[in-house]
Amino acid sequence: MSDRISLTIDGRQIEAEPGQTILEAAEEAGVYIPRLCWMKGLSAFGSCRVCTVRVNGRPQSACTQPAAPGMVVENDTQELRELRRSLIDMLFIEGNHFCMFCEKSGDCELQALAYRLGITAPQYPFMFPQRELDATHPEIFVDRNRCILCGRCVRASQELDGKHVFGFVGRGAGKKVAVNAESGLGGTDAAGDDEAVAACPTGSLLKKRVGFAVPVGQRRFDHQPIGSEIEQAQSEE
Amino acid sequence: MGATREEVVKVICQDYGNDRSRLLDIARDVREQLGCVDSPAVDCIAEVLSIPRVEIESLVSFYSFLYSEPQGQVQIRICNDVPDMMKGADRIASELEEELGIQVGETTPDGKFSLEYASCIGLSDQAPSALVNDLMVPRLGAGTARRGVQILKERGELKELDKLLIRDYGDGNNAHDLVRSACSNNIRKAGEVILAEMRRGAGLEKALAMSPVEVIREIKTSRLRGRGGAGFPTGMKWEFTRAADGDRRYLVCNADEGEPGTFKDRVILTERPDLLFEGMTIGGYAIGAEDGLVYLRAEYAYLREFLEHALAKRRELGLLGENVCGKEGFHFDIRIQMGAGAYICGEETALISSCEGLRGDPKNRPPFPAQHGYLGKPTSVNNVETLCCVARILQRGSGWFSAIGSPGSTGTKLLSISGDCMRPGVYEVPFGIRLSEVFAMCDAQDPMAAQVGGPSGKMVGEADFDRTICFDDLATGGSLMVFGRDRDVLEIASQFMQFFVHESCGYCTPCRVGNVLLKERLDKILGGHGQPTDLEYLQRLGESIKMASRCGLGQTSPNPVLSTLESFRSAYEERIRDADDVEESGFDLQSALSTAQTLTGRKSVHFED
Ligand SMILES: Cc1cc2nc3c(=O)[nH]c(=O)nc-3n(C[C@H](O)[C@H](O)[C@H](O)COP(=O)(O)O)c2cc1C
């Protein structure tokens, strides 16, 4: 396999297939690069910036940057940990996130990343925005208070469900997720089992009537930090 | 009986071949003919084009010049960039609010007038100014805006606003029959590269006598670098675009000119359109494109007819179209793509998104436009002034060009000078000129600071006045604002931050959220509530935004804060409270309690001093 690409991450040599991004190559090598808007099976989006790494000294999003021979990638450094904390803090204070009574608690990637990065309280002042709820759909509940604008629902709906249920409207601080019907989600062809719903990393899209099916304490991130599965997969080999 | 909404939309869509990639044009036309792109109109477009309605909403809600709700027949946009605010734009706003009985952001109940602010409209040297529908209204003196509105109020029919509002047309082509604008060119210094005369075809004929590769080599030897801000070598960009795989290629001219304080492209478009089109044609030949696009900012819509006319003339003369200048097999034509009010669309990948009928979100790179640009094809995006340089280089030779300026920055640069000086306007100067020489030229008496390169550039003080304008020192896409001693640099920085907050596309976290936070903290200091720790907070936050942002907007938006922290630190320190001033925690107890006080109808007596 002569066309394999060789690069280093935090001094460790890893290999990549041509066409793979830094994030994918790292993951295969058991190196976790924190991320939120990226999701396996969806096109890369590059919006949350949590996966920012330094590539030969330059900041780049690992989810969009293709691996190239000889790249020197920095990932787990003090500077980047602080940068990621800053970004996660921004996502917290931009919305209204109340983990203690969110159904997604323990399964939420935003919360899990905050824990992994050692965040107990955000360093920025809360914005307390007014955000809309949408309960018009019989099976799905939309709570924009918890939306982090990662676009996973938008892409999953198009790329996995073959629909166009979600889209972005507005710009800047006024940007938000909209649905493909004036009357709300109930007016669209969304279904409870859509990949778009499952793709939400936070509690912004929730299936109705299945709340707390998995008890708190037994959820994905209750026993080990997010990213552990990637790191462990490697150490088991 | 007028046509129904469905019929109007259908005809508009048909005009654009029911092509989804022309959605921006379609939305613009719908807005013009139906007053706005409201929900029923969105449904009509969705049906005709067979696309999801949310995609149309997505586009309409992005651009400042598209509306989902009815607007006044007369839309008044007061320019609120810093030079305009310095010359009293807020006074104009209050004058009009009073006269119209509405606030900025509102429409009169009779549906006649809407009033709003606009980011820089490209008239900073003739401030304060406003845009009234498509009409530029510069140099608003005290009372003129009010009188203008009074005249319009008396009219039942609100057509041909120029006849009602404009007494004198500006100089040069501003008085042309197809322009009829009150704008002035204010050309204070014409150089040999851009503002000199040129016979149509003089550069193109020379180019067509060479091979495309030789043309690129000529541009490379001239060491021409892009004038839009980033300064990328134009020859290299063309080489990449030419070498990329693709069955079609595009040459796009960036005429978005959105950086506040920049207005030199407006003057080029008014006075040297042929030089630009000639440069584009040469570029098309060099990279192997048959299609050129000019992305013209919405604020410059008044120039469109004039530019179309110039294009028609070139077609007539065989300088555009099939077999250009008789060159067998070289076909090239140019289309004007109108923007719709978004600074971010000056960023080249956002500009491409916009041309494709999408929100003006920048794209992920790689792939770069040279490989994967407009409609997925190899595309070169070049600034107006850059393309004019190209035409001149071909006419007069790369040796001649590279002898002008400094070694790393060859040729001349058009500066758009505004602010506190006696002679604001457009100056064509060789690169390498000192800031102090610029001040002398524009008659700036005792300046305190200059903003070089617009809000995304740098605020420099006296210590830097000996520095030079060029890519390797003080770089600028053209904007240069001068500030006198009585100006408040923090107030200016805050206004720049307001601009970025307004213009961020919102795609990535640091730019969307971070700029709001940065402005908030800066305003806290401005309001007299600053603490010593706030400076460190601003520095760190600003650096995070720069480092993590996805495109050039967020990578430069903290500059107003970071560069004033560097050059004008004392302006911050003077406003910061003592660390041991326990009462001043940055928290205003009275205002925090005010809502509760109003709701309960009680006053909290304990806290009053
Ligand atoms: C936020 C932002 C706004 C920009 N606005 C403009 C603009 O109005 N005009 C322009 O020519 N370039 C602008 N640019 C630079 C373009 O991205 C691009 O570099 C330029 O058009 C390339 O042309 P040039 O090489 O001839 O300079 C902007 C860049 C950013 C990041």
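So that the names make sense, note that chain A is the first sequence line, chain B the second, and so on, each numbered from 1. Side chains are part of it too, since the values below use all heavy atoms of this structure and drop only hydrogens, waters and symmetry mates. What you see is a predicted model; the values in this text were computed from it and never measured.
Heavy atoms closer than 4.5 Å to chain A are found nowhere in B/F500, neither backbone nor side chain. Neither the backbone nor the side chain of B/A46 comes within contact range of chain A; no heavy atoms are under 4.5 Å apart. Heavy atoms of B/R365 lying under 4.5 Å from chain A belong exclusively to its backbone. Contacts between B/Q555 and chain A at a heavy-atom distance below 4.5 Å are absent for every atom of the residue. Contact of B/E55 with chain A is made through the side chain alone, with heavy-atom distances under 4.5 Å. Proximity to chain B is absent for every atom of A/R58, based on heavy atoms less than 4.5 angstrom apart. Proximity to chain B is limited to the backbone of A/F166, based on heavy atoms less than 4.5 angstrom apart. Contact annotation for A/L36: neither backbone nor side-chain heavy atoms come within less than 4.5 Å of a heavy atom of chain B.
A donor-acceptor pair under 3.5 Å is absent between the side-chain atoms of B/Y507 and the main chain of A/G46, judged by distance alone. Under a 3.5 Å cut-off, the side chain of B/R53 and the backbone N or O of A/V179 do not form any donor-acceptor pair. Within the 3.5 Å criterion, the main-chain N or O of A/G172 finds no donor-acceptor partner in the side chain of B/S504.
Residues of residues 81-89 of chain A having a heavy atom under 4.5 Å from any heavy atom of chain B, listed by number: A/E82, A/L83, A/S86, A/L87. Heavy-atom proximity under 4.5 angstrom to chain B picks out nothing from residues 192-204 of chain A.
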(request) Go through the steps for B/R512 and A/L149 under the test side chain to side chain contact (heavy atoms under 4.5 Å, CB included), then give the verdict. (result) CA-CA 10 Å; B/R512 183 182 68 240; A/L149 300 167; 3.4 Å; yes

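In this structure, the separation between SG on B/C505 and NZ on A/K175 is 6.0 Å, given to the nearest 0.5 Å. Put simply, CG on B/L541 and OH on A/Y124 are 5.0 Å apart, with the number rounded to the nearest 0.5 Å.
Counting all heavy atoms, side chain and backbone alike, A/G170 lies closest to B/R359 at O-NH2, 2.7 Å. Summarising the geometry of A/H164 relative to B/V54, their closest heavy-atom pair is O-CG1, 4.1 Å, with the distance given to 0.1 Å. The minimum heavy-atom distance between A/F45 and B/R550, with the atom names listed, is O-NE, 4.0 Å. In terms of heavy-atom proximity, A/A173 sits nearest to B/V516 at CB-CG2, 4.1 Å. Of all non-hydrogen atoms in B/P510 and A/R49, the two that sit nearest each other are CD-CG, 3.5 Å.
Using a 4.5 Å heavy-atom threshold, the side chains of B/R521 and A/P125 count as touching. Proximity of A/R54 to B/M547: side-chain heavy atoms (C-beta onward) are separated by under 4.5 Å at one or more points.
If you tally non-hydrogen atom pairs under 4.5 Å between each of B/V501, B/D43, B/N515, B/N364 and chain A, the highest count goes to B/N364.
Side-chain polar atoms of A/R171 and B/S64 form a donor-acceptor pair below 3.5 angstrom.
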